[in-house]
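Remember, it's a predicted structure, so these values are computed and weren't measured experimentally. Counting from 1, the numbers follow the sequence of the chain as shown.
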Amino acid sequence: MPASAAVRLSKTALVATAAFFATLVVFNNVTDYGSNFNYVHHVLSMDTTFPGNSGMWRHIDSVAATHAAYGLIILVEAGIALLGWVAVARLAGRRGDPMAFAAAKGPAVLALTLGIVLWFGGFIVLGGEWFLSWQSPTWNGLNESARFSMLYLLILLYLVQPEPAQ
């Protein structure tokens with residue numbers, strides 16, 4: 001197998017892995033709704049942040065708002081998974097032609113970017129900084145979110161590298 005074909009196969013496999021990850025996240029959030037709902041509830045309610053912190057005015061105690069936020073998270077994760085699988089089908093079907101493969105990257109770029117937006121923007125920026133979950137010893141999820149964001153970013157950077165002509 002020529003190196004250029006192996007690179008395209010590699011890129012397709014990594015996008016498939018990212019799509020599979022998002023699929024499993026959605027599956028787990030739907031089949032074990034309560035566990036991760038509790039995480040969202042504790043982050044939004046800020047009930048395990050430093051006692052007396054002056055940011056408590058930001059907390060959200062509404063159960064309905066927590067369900068809405070969690071539903072939005074699951075919906076975005078499902079969008080990542082769906083776009084990811086569409087991308088895998090497009091990339092796999094065009095991996096024999098470098099130009100067609102390059103032209104087929106759009107859904108993968110969107111899926112990977114959406115994953116970064118969710119785990120970096122949603123969990124680290126909003127959850128970690130706005131809702132101060134970095135202060136919580138049990139409900140911050142920042143390490144996991146950083147790991148997910150970085151993995152999606154690395155795959156995105158690799159994916160968008162120009163395709164070798166051969």
Side-chain angles (χ1 to χ4, degrees), residues 7-48 58-95 100-134 136 138-161:
V7 167
R8 289 189 297 277
L9 181 60
S10 169
K11 290 178 178 184
T12 304
L14 289 174
V15 172
T17 303
F20 186 52
F21 174 75
T23 302
L24 290 177
V25 170
V26 172
F27 176 79
N28 288 334
N29 284 341
V30 170
T31 61
D32 188 16
Y33 186 90
S35 293
N36 289 314
F37 175 83
N38 285 333
Y39 166 79
V40 174
H41 167 73
H42 286 290
V43 169
L44 295 181
S45 69
M46 300 172 66
D47 61 352
T48 60
R58 305 173 198 170
H59 80 284
I60 297 173
D61 280 332
S62 166
V63 174
T66 303
H67 280 290
Y70 189 37
L72 179 61
I73 290 167
I74 294 170
L75 186 63
V76 172
E77 291 164 345
I80 295 165
L82 181 62
L83 275 170
W85 290 119
V86 167
V88 169
R90 288 187 59 171
L91 294 171
R94 292 162 179 85
R95 73 174 195 276
F101 185 86
K105 292 179 182 181
V109 169
L110 292 175
L112 294 165
T113 300
L114 190 55
I116 297 164
V117 168
L118 175 65
W119 287 299
F120 175 59
F123 285 80
I124 296 174
V125 175
L126 286 176
E129 287 303 317
W130 182 255
F131 291 105
L132 303 174
S133 72
W134 65 269
S136 174
T138 53
W139 297 103
N140 67 39
L142 297 176
N143 288 335
E144 294 81 3
S145 297
R147 186 173 59 243
F148 303 159
S149 298
M150 290 305 297
L151 289 169
Y152 271 58
L153 177 62
L154 289 172
I155 295 168
L156 177 62
L157 291 174
Y158 178 50
L159 175 72
V160 299
Q161 295 302 304

Enquirer: Among D32, V25, T31, which residue meets the side-chain contact (heavy atoms from CB on, under 4.5 Å) test with N29?
Expert: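 With N29 as partner, side-chain contact (heavy atoms from CB on, under 4.5 Å) holds for just one option, V25.
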Enquirer: Which distance, rounded to the nearest 0.5 Å, do you find between the CG of L9 and the CG of L14?
Expert: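 It is 9.5 Å, given to the nearest 0.5 Å.
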Enquirer: Can you tell if the side chain of V125 reaches within under 4.5 Å of the side chain of W130, non-hydrogen atoms only?
Expert: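 No, their side chains stay 4.5 Å or more apart.
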Enquirer: H41: which residues meet the ring-ring contact (aromatic ring centres under 6.0 Å, His included) condition with it, sequence neighbours left out?
Expert: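 If we apply the ring-ring contact (aromatic ring centres under 6.0 Å, His included) test to H41, skipping adjacent residues, there are no hits.
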Enquirer: Counting only N and O atoms by type, is there a donor-acceptor contact under 3.5 Å from the side chain of R8 to the main-chain atoms of R95?
Expert: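 Confirmed, R8 side chain pairs with R95 backbone.
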Enquirer: Test your reading of the model: is there a side-chain donor-acceptor pair from R94 to the backbone of R90, 3.5 Å cut-off?
Expert: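 Yes; judged by distance alone, with no hydrogens or angles, the pair exists.
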Enquirer: Quick one: closest heavy-atom pair of A111 and G84, and the distance?
Expert: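 Scanning both residues completely, I find the closest heavy atoms to be CB-N, 3.6 Å.
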Enquirer: With a 4.5 Å cut-off on side-chain heavy atoms, are I60 and F131 touching?
Expert: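 Yes, at least one pair of side-chain atoms sits under 4.5 Å.
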Enquirer: Considering non-hydrogen atoms only, spot the tightest contact between A69 and L44 and give its length.
Expert: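 In this case the closest contact between A69 and L44 is CB-CD1, 3.9 Å.
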Enquirer: Ignoring hydrogens, what is the shortest heavy-atom contact between A108 and A87? Give both atom names and the distance.
Expert: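 It is N-CB, 3.3 Å.
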Enquirer: Is there a side-chain contact between L110 and P107 in this structure, where contact means two heavy atoms from C-beta onward sitting under 4.5 Å apart?
Expert: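 No, every pair of side-chain atoms sits at 4.5 Å or beyond.
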Enquirer: In terms of relative ring orientation, are Y39 and W139 parallel, tilted or perpendicular, with 30° and 60° separating the classes?
Expert: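 If you compare the ring of Y39 with that of W139, the planes turn out tilted.
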Enquirer: Which value, rounded to the nearest 0.5 Å, describes the distance between I155 atom CD1 and L159 atom CG?
Expert: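 So the gap between those two atoms works out to 9.0 Å.
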Enquirer: Determine the minimum heavy-atom distance between A78 and V26, stating which atoms define it.
Expert: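 Closest pair (atom of A78, atom of V26, distance): N-CG2, 3.4 Å.
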Enquirer: Drop me the distance from N140's CG to I124's CD1, to the nearest 0.5 angstrom.
Expert: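 Taking CG in N140 and CD1 in I124, the distance rounds to 10.0 Å.
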Enquirer: Answer yes or no: does atom OH of Y158 have more than 12 heavy-atom neighbours from other residues, nucleotides or ligands under 6.0 Å?
Expert: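 For Y158, atom OH is crowded (more than 12 foreign heavy atoms under 6.0 Å).
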Enquirer: If we only count heavy atoms from C-beta on, is the F20 to W85 side-chain gap below 4.5 Å?
Expert: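 Contact flag for F20/W85 side chains = yes.
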Enquirer: Who passes ring-ring contact (aromatic ring centres under 6.0 Å, His included) against Y152, sequence neighbours left out?
Expert: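 W119.
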Enquirer: Could you walk me through whether R58 and L132 pass the side chain to side chain contact (heavy atoms under 4.5 Å, CB included) test, one step at a time?
Expert: CA-CA 9 Å; R58 305 173 198 170; L132 303 174; 3.9 Å; yes
Enquirer: side-chain contact (heavy atoms from CB on, under 4.5 Å) with I80: which of V76, L82, L83?
Expert: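 With I80 as partner, side-chain contact (heavy atoms from CB on, under 4.5 Å) holds for just one option, V76.
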Enquirer: Quick one, L118 with F148, criterion side chain to side chain contact (heavy atoms under 4.5 Å, CB included). Give me CA distance, side-chain angles, the key distance, then yes/no.
Expert: CA-CA 10 Å; L118 175 65; F148 303 159; over 6 Å; no
Enquirer: Sequence neighbours left out, what passes ring-ring contact (aromatic ring centres under 6.0 Å, His included) with H67? Give chain and number order.
Expert: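 Residues passing ring-ring contact (aromatic ring centres under 6.0 Å, His included) with H67: Y33, F37.
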Enquirer: At their closest point, which heavy atom of S136 faces which heavy atom of T48, and how far apart are they?
Expert: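 Heavy atoms of S136 and T48 come nearest at OG-OG1, 2.6 Å.
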Enquirer: With no hydrogens and no angle check, is any side-chain donor or acceptor of K11 less than 3.5 Å from a backbone partner on Q161?
Expert: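 Present.
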Enquirer: If we only count heavy atoms from C-beta on, is the K105 to L91 side-chain gap below 4.5 Å?
Expert: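 Result yes, sub-4.5 Å side-chain heavy-atom pair found.
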Enquirer: If you define the side chain from C-beta out and look only at heavy atoms, does anything of F21 sit under 4.5 Å from T17?
Expert: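 They are not in side-chain contact.
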Enquirer: Find the distance between OG (S45) and CG (N38) and round it off to the nearest 0.5 Å.
Expert: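 One gets 10.0 Å once the value is rounded to the nearest 0.5 Å.
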Enquirer: Rounded to the nearest 0.5 Å, how far does CG of L156 lie from CE of M150?
Expert: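 Result: 11.5 Å between the selected atoms.
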Enquirer: Do I73 and E77 have side chains that get closer than 4.5 Å, going by heavy atoms?
Expert: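 In contact.
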Enquirer: Any side-chain heavy-atom pair from L142 and S133 closer than 4.5 angstrom?
Expert: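 Yes, at least one pair of side-chain atoms sits under 4.5 Å.
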